Amino acid sequence: MKTKQKMINLTKQILLVLFFGIVASSCSNEDEMLLNNDSSEAGIETIKDKEPKVYARVSCNETSFPTLGPSASSAQTCNDVTSPKNIGTLDCRTNSGGYSNYGNYGKYQITGSSTRYAGTKTRVERHFKDINRANNRNGKLSYKFIIDDLSDEQTCIVQAHAVGTIVAGQRTGQTAESAVILLYATKTSDPNKFNLYTHESTTPYTTTNSGARTITFFRQVTKGLEYDLTFKTGYNSVGNAYTAIRVWRGTSSKYKNLNHTYTTTGVYVRYGVYGANDTGDRTATVRFKNVGFCREN
């Protein structure tokens, strides 16, 4: 009788060991599944709980540049150098000066006169292909610059030129034909200080109507010193035109964001030197280096 009871107890112990062994093995296999199988319920819940992130497509490898239009090409007075330090298509219209490499810089020099080049004053600028309208699409120009000399008239060092049909804001349906925003440099009473001003076309210039610009002081810079600039222009999240400008040296920084009063189907960026006085002090010289142009979306 005692022997039979011992056998029953032993059988129970063996069954308990086997039971817990199976359970332990099952739990171990499930842990491995949760760790290695992305299609598990735990994996799906983790993915769903994460906030989705949207990354803009950014391309800074600008290697293709536009050709000059008929009026610009007919008014050219000089050619680009073989291996320019700066990128972009060169538009060169000046009685003397032009573009040259200057160490690590590209140097832009113009001389004013009564001569007009296809209707414009003297200019030596580079530009890029159009930024066509789309939500959150823009182009960002960046460079370091030094203003060496200015004439008795203001000189533009960067601008965004509106193109195509106005699709929102003032004068919708008309064709734009001017810059929407320009950054000008001018002399001051101090020969070593220059002022920068934004000229925004608050009333658009079109092929059928003249417009108007609002001129606003931006900041002061020192002759011969190097500054950084970023100039971002294009379209916001609802497809309206804007431009953001920042100029800084060390901790001295000035930033401005402009939501434009009208929006066109395209815009393009120009930089260099544009405009000099016809008489008196007629020369302007600005140097640029580390020029980059990035397109977003």
Side-chain angles (χ1 to χ4, degrees), residues 56-68 72 76 78-94 97-110 122-131 137-150 155-161 179-185 194 196 198 218-219 221-234 243-250 252-256 266-275 284-297:
R57 294 172 298 168
V58 179
S59 173
C60 297
N61 186 28
E62 196 82 357
T63 57
S64 178
F65 305 107
T67 57
L68 294 172
Q76 294 300 287
C78 52
N79 298 318
D80 206 351
V81 300
T82 303
S83 299
K85 297 290 184 181
N86 299 162
I87 59 174
T89 300
L90 185 69
D91 184 356
C92 184
R93 318 182 206 183
T94 184
Y99 172 83
S100 61
N101 288 335
Y102 189 89
N104 291 326
Y105 294 89
K107 185 169 75 171
Y108 301 75
Q109 187 174 58
I110 53 177
T122 180
R123 69 197 317 159
V124 179
E125 294 180 297
R126 293 187 184 275
H127 63 282
F128 304 94
K129 288 184 175 180
D130 293 358
I131 303 162
R137 177 175 290 169
N138 58 70
K140 183 178 180 180
L141 173 68
S142 59
Y143 56 68
K144 296 178 181 293
F145 72 97
I146 297 174
I147 301 178
D148 292 315
D149 183 33
L150 292 177
T155 295
C156 174
I157 62 172
V158 63
Q159 62 174 294
H161 199 290
V180 65
I181 179 69
L182 309 96
L183 185 65
Y184 276 104
F194 300 128
L196 300 181
T198 57
F218 183 62
R219 67 161 296 164
V221 297
T222 300
K223 178 179 181 177
L225 293 186
E226 184 180 86
Y227 291 81
D228 285 273
L229 176 144
T230 58
F231 185 88
K232 189 174 184 178
T233 192
T243 300
I245 308 170
R246 183 184 178 211
V247 174
W248 74 99
R249 176 178 168 81
S252 174
S253 178
K254 182 63 184 290
Y255 173 85
K256 175 180 283 191
V267 64
Y268 70 92
V269 177
R270 304 176 69 104
Y271 74 98
V273 286
Y274 171 38
T285 306
V286 184
R287 288 179 278 156
F288 301 83
K289 76 173 185 181
N290 296 353
V291 179
F293 189 75
C294 296
R295 293 178 185 270
E296 186 173 76
N297 280 340

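All values reported here derive from a predicted model rather than from experimental measurement.
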**OP:** For salt bridge (charged side-chain N to carboxylate O under 4.0 Å, His left out), just list the numbers for E62 and R295, CA-CA rounded to whole Å, side-chain angles, deciding distance to a tenth of an Å, and then say yes or no.
**Re:** CA-CA 8 Å; E62 196 82 357; R295 293 178 185 270; 2.9 Å; yes

**OP:** In sequence, state the C-alpha distance, the side-chain angles, and the governing distance for L141 and V291, and then conclude on side-chain contact (heavy atoms from CB on, under 4.5 Å).
**Re:** CA-CA 7 Å; L141 173 68; V291 179; 3.9 Å; yes

Subject >> V286 and K107: CA distance, side-chain angles, deciding distance, side-chain contact (heavy atoms from CB on, under 4.5 Å) verdict >> reply: CA-CA 6 Å; V286 184; K107 185 169 75 171; over 6 Å; no

Original post:
Would H161 and H127 satisfy side-chain contact (heavy atoms from CB on, under 4.5 Å), going step by step from the backbone distance to the final call?
Top reply: CA-CA 10 Å; H161 199 290; H127 63 282; over 6 Å; no

Subject >> Residue pair N101, Y99: steps toward the side-chain hydrogen bond (donor to acceptor under 3.5 Å, both in side chains) verdict >> reply: CA-CA 7 Å; N101 288 335; Y99 172 83; 2.6 Å; yes

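Within the 4.5 Å cutoff, the side chain of V267 has no heavy atoms near those of the T243 side chain.
Of the possible polar contacts, one joining the Q76 side chain to the C92 backbone as a donor-acceptor pair under 3.5 Å is found. The closest donor-acceptor contact from the side chain of R246 to the backbone of Y255 lies at 3.5 Å or more, if one exists at all.
The distance from atom SG of C156 to atom CG of L196, rounded to the nearest 0.5 Å, is 10.5 Å. Interatomic distance, CG of L229 versus CG of L183, reported as 6.5 Å (0.5 Å rounding). For the atom pair CD1 (I245) and OG1 (T233), the distance works out to 8.5 Å, reported to the nearest 0.5 Å. With rounding to the nearest 0.5 Å, the separation of CD1 in I87 from CZ in R126 is 9.0 Å. The line from CZ of R123 to CG of L90 is 11.5 Å long, rounded to the nearest 0.5 Å. To the nearest 0.5 angstrom, Y105 atom OH is 11.0 Å from F145 atom CZ.
Considering all non-hydrogen atoms of both residues, D91 and A72 come closest at OD2-CB, 4.2 Å. Here the closest non-hydrogen pair linking N86 and Y108 is OD1-OH, 2.8 Å. The minimum heavy-atom distance between V124 and R93, with the atom names listed, is CG2-N, 4.4 Å. The two residues R249 and E226 come nearest to each other via the heavy atoms NH1-O, 2.9 Å. Nearest heavy-atom pair, G139 versus I131, reported as atom, atom and distance to 0.1 Å: N-CD1, 3.5 Å. Counting all heavy atoms, side chain and backbone alike, I110 lies closest to G275 at CD1-O, 3.4 Å.
Under the side chain to side chain contact (heavy atoms under 4.5 Å, CB included) criterion, C294 pairs with V58, C60, not counting sequence neighbours. Every residue meeting the side chain to side chain contact (heavy atoms under 4.5 Å, CB included) condition with K256, not counting sequence neighbours, appears here in chain and number order: T198, T216, F218, L258.
Cation-pi geometry between R219 and Y227 is not met at under 6.0 angstrom from the ring centre and within 45 degrees of the axis.
Below 30°, between 30° and 60°, or above 60°: for F65 and F128 the angle between ring planes is between 30° and 60°, a tilted geometry.
The side chain to side chain donor-acceptor pair (under 3.5 Å) test with D148 singles out one residue from Q109, K223, R287, and that residue is R287. Checking Y143, F293, F231 one by one against Y271, the ring pair (Phe, Tyr, Trp, His ring centres under 6.0 Å) holds for a single residue, Y143.
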